[in-house]
There are 2 protein chains.
Amino acid sequence: MSNTKSTRDHIIEAADHLFYQQGYEHTSFADIADAVKISRGNFYYHFKTKDDILNAVINLRVANTQNMLDQWEIEGQSPEERIRHFIQILIKNQSKIMRYGCPVGTLSTELAKMSHSAQTDATRLFTLFRTWLAQQFTSLGHSADADDLAMHLLARSQGVATLANAFRDENYIEQEVTLMNEWLKSYTVNAAPHTQ
Amino acid sequence: MSNTKSTRDHIIEAADHLFYQQGYEHTSFADIADAVKISRGNFYYHFKTKDDILNAVINLRVANTQNMLDQWEIEGQSPEERIRHFIQILIKNQSKIMRYGCPVGTLSTELAKMSHSAQTDATRLFTLFRTWLAQQFTSLGHSADADDLAMHLLARSQGVATLANAFRDENYIEQEVTLMNEWLKSYTVNAAPHTQ
DNA sequence: GACAATTTAGGACAATTGCCCTAATAATAC
DNA sequence: GTATTATTAGGGCAATTGTCCTAAATTGTC
């Protein structure tokens, strides 16, 4: 594992941040080149087209997400605790979410609207969370509707991110996170689940 | 009330559709002019800047939304029935939502990412739904947490729209709508509300 | 029908876009 | 060392962007 990041890595990282903060289309070659402080020619040497950078960024995000999920798998003692890690992202990234929304949701939405071919790849990020969450719910003894519960939780966190971004309300996120945790608790072995 | 729509109205309508389907930034002057079949010069006569059109589109959407809410106020016999109208949009606009997402949420998100000044105006659309829903929950006897319930329901419909758009899953929308209706039922007078 | 105001068309503008080329430099191999 | 490759810089490309101008056409008023 090399300690020094390559120019290519720097480009991908800068693009990752800019795509999140400004959106894919709103970010230009020049923006990324400026951020990395390289010439546009050098930039072109590493990535022929804008789609290539997008692809690299998506792959980076997929890898980072997978690492995060693996980490949660280690840290969380119980499935419930692991799922709580997921819910907790809303708190951890509170200020970013309020400014830029959810990185997964906003990219997916933007690409869908452009009918961009990479939209399918972007959905992989959602799928990562979806299957991981479904696994946890299966471990909780809800194998029959594990995927439904995963999608339900995903949707709620997406909705919270969208509204927090629109209204810029700090308290609101914490409020909904509390509700989500209560909802989760009702799916733990000893509690009777409510209909949601 | 004139029966014939002015060129200006046609422009706003076309822009409304294109902004929804392609996004604000992804839609150019030429796109709108082509859709209305007028010259760019004529276009400029009606709207000096792109922000002007955006403003007009937002105003149109606010007006249309207000009309819709007023209509629901008439049609819905009980507050519960009225709220059900809101939930039902997800079914009514199912195919559009799967292709383009929620018109309110996606515009708000896009403008936030561009740090566009009109983002505040776009949030008015959310506020319209928010206050209307809160009124209904107040009528249901939940005046203390009416706004919280309104935000909760708004968030869930936003989340469903985002995921339906990402995964293009028809059944999923209907599934979540059922859950939302059950949740709503638990807030009706005769039922014991669950914690959500 | 003459006249003024409104509306339209078509083109031009500077700037920016994604993309591409070439030459110079740095790193590596022999 | 020299030769080969990898990397970088800087400029330039055609196309598109939002914006603007001017002249023609249409409309309405008297």
Side-chain angles (χ1 to χ4, degrees), chain A residues 2-59 107 110-111 113-119 121-122, chain B residues 1-58 107 110-111 113-119 121-122:
Chain A
S2 161
N3 217 358
T4 52
K5 279 177 195 154
S6 66
T7 305
R8 193 188 146 89
D9 291 339
H10 279 123
I11 293 175
I12 300 176
E13 253 182 44
D16 183 23
H17 291 140
L18 287 171
F19 287 172
Y20 176 38
Q21 293 170 8
Q22 312 185 346
Y24 172 67
E25 194 162 30
H26 199 59
T27 302
S28 69
F29 273 48
D31 286 339
I32 306 172
D34 285 357
V36 191
K37 278 166 188 148
I38 58 169
S39 65
R40 275 152 295 150
N42 187 7
F43 188 100
Y44 177 71
Y45 171 74
H46 291 284
F47 296 97
K48 298 288 174 214
T49 71
K50 203 180 175 183
D51 288 3
D52 286 345
I53 321 168
L54 177 59
N55 229 301
V57 167
I58 291 177
N59 286 335
L107 180 65
E110 183 183 2
L111 295 181
K113 215 151 263 217
M114 297 171 64
S115 31
H116 195 291
S117 59
Q119 199 264 341
D121 293 318
Chain B
M1 189 193 274
S2 162
N3 217 359
T4 52
K5 280 177 194 154
S6 66
T7 306
R8 193 188 146 91
D9 292 338
H10 279 124
I11 293 175
I12 300 176
E13 252 182 45
D16 183 23
H17 291 139
L18 287 171
F19 287 171
Y20 177 39
Q21 294 170 6
Q22 313 186 344
Y24 172 66
E25 195 162 29
H26 199 61
T27 302
S28 69
F29 272 51
D31 286 340
I32 306 172
D34 285 358
V36 191
K37 278 166 187 146
I38 59 168
S39 65
R40 275 153 294 151
N42 187 8
F43 189 101
Y44 177 73
Y45 170 75
H46 290 285
F47 296 97
K48 298 289 173 211
T49 71
K50 202 179 176 184
D51 288 3
D52 285 345
I53 321 167
L54 177 59
N55 228 302
V57 167
I58 291 177
L107 181 65
E110 184 183 1
L111 296 181
K113 214 151 265 217
M114 298 171 65
S115 32
H116 195 292
S117 59
Q119 199 266 340
D121 292 319

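Keep in mind that the numbers below use all heavy atoms, side chains included, and drop hydrogens, waters and symmetry copies. Each chain gets a letter, A, B and so on, in the order its sequence line appears, and its residues count up from 1.
Residue A:Ile32 contributes atom CD1, which lies 17 Å from atom P of C:dT16 at whole-angstrom precision. Atom CG of A:Asp34 is separated from atom P of C:dT16 by 12 Å (rounded to the nearest Å). Taking atom OH on B:Tyr44 and atom P on C:dA12, their separation rounds to 18 Å, with Å as the unit. Atom pair A:Phe43:CZ and D:dG12:C1' shows a separation of 18 Å (rounding to whole Å applied). For the pair B:His26 NE2 and D:dG18 P, the computed distance is 12 Å after rounding to whole Å. Between B:Ile11 atom CD1 and C:dT8 atom C1' the separation is 11 Å, expressed in whole Å. Distance CZ (B:Arg40) to P (D:dC20): 15 Å, rounded to an integer number of Å. Nucleotide D:dT19 holds its P atom 12 Å from the CG atom of B:Leu54, rounded to whole Å.
For B:Ser39, taking side-chain heavy atoms from C-beta onward, the closest of the listed nucleotides D:dC20, C:dG10, D:dG18 is C:dG10. For B:Ala30, taking side-chain heavy atoms from C-beta onward, the closest of the listed nucleotides D:dT17, D:dT8, D:dC20 is D:dT17.
Considering all non-hydrogen atoms of both residues, B:Ala122 and B:Leu111 come closest at CB-CD1, 3.8 Å.
Panel note: side chain A:Asp31, backbone A:Ser28; a donor-acceptor pair is recorded below 3.5 Å.
Backbone-only engagement by B:Thr27 is indicated by non-hydrogen atom pairs under 4.0 Å involving sugar-phosphate atoms exclusively.
With a cut-off of 3.5 Å on both Watson-Crick or G-U wobble distances, the partner of C:dA15 is given as D:dT16.
Put simply, the side chain of A:Phe19 does not reach to within 4.5 Å of the side chain of A:Glu110, judged on heavy atoms. Here the side chains of B:Ile38 and B:Ile11 are in contact, with some heavy-atom distance below 4.5 Å.
Rounding to the nearest 0.5 Å gives a distance of 11.5 Å between NZ of A:Lys113 and NE2 of B:His26.
The shortest distance between the side-chain N/O atoms of B:His46 and the OP1/OP2 oxygens of C:dT8 is below 4.0 Å. Taking 4.0 angstrom as the limit, A:Ser28 places a side-chain polar atom (N or O) nearer than this to OP1 or OP2 of C:dT17. Applying the 4.0 Å criterion to OP1 and OP2 of D:dT7, one finds that A:Tyr45 has a side-chain N or O inside that range. Distances shorter than 4.0 Å separate some side-chain N or O of B:Thr7 from OP1 or OP2 on C:dT8.
When each of A:Phe29 and A:Asn42 is assigned the nucleotide of DNA chain C bearing its nearest heavy atom, the one mapping closer to the 5' terminus is A:Phe29.
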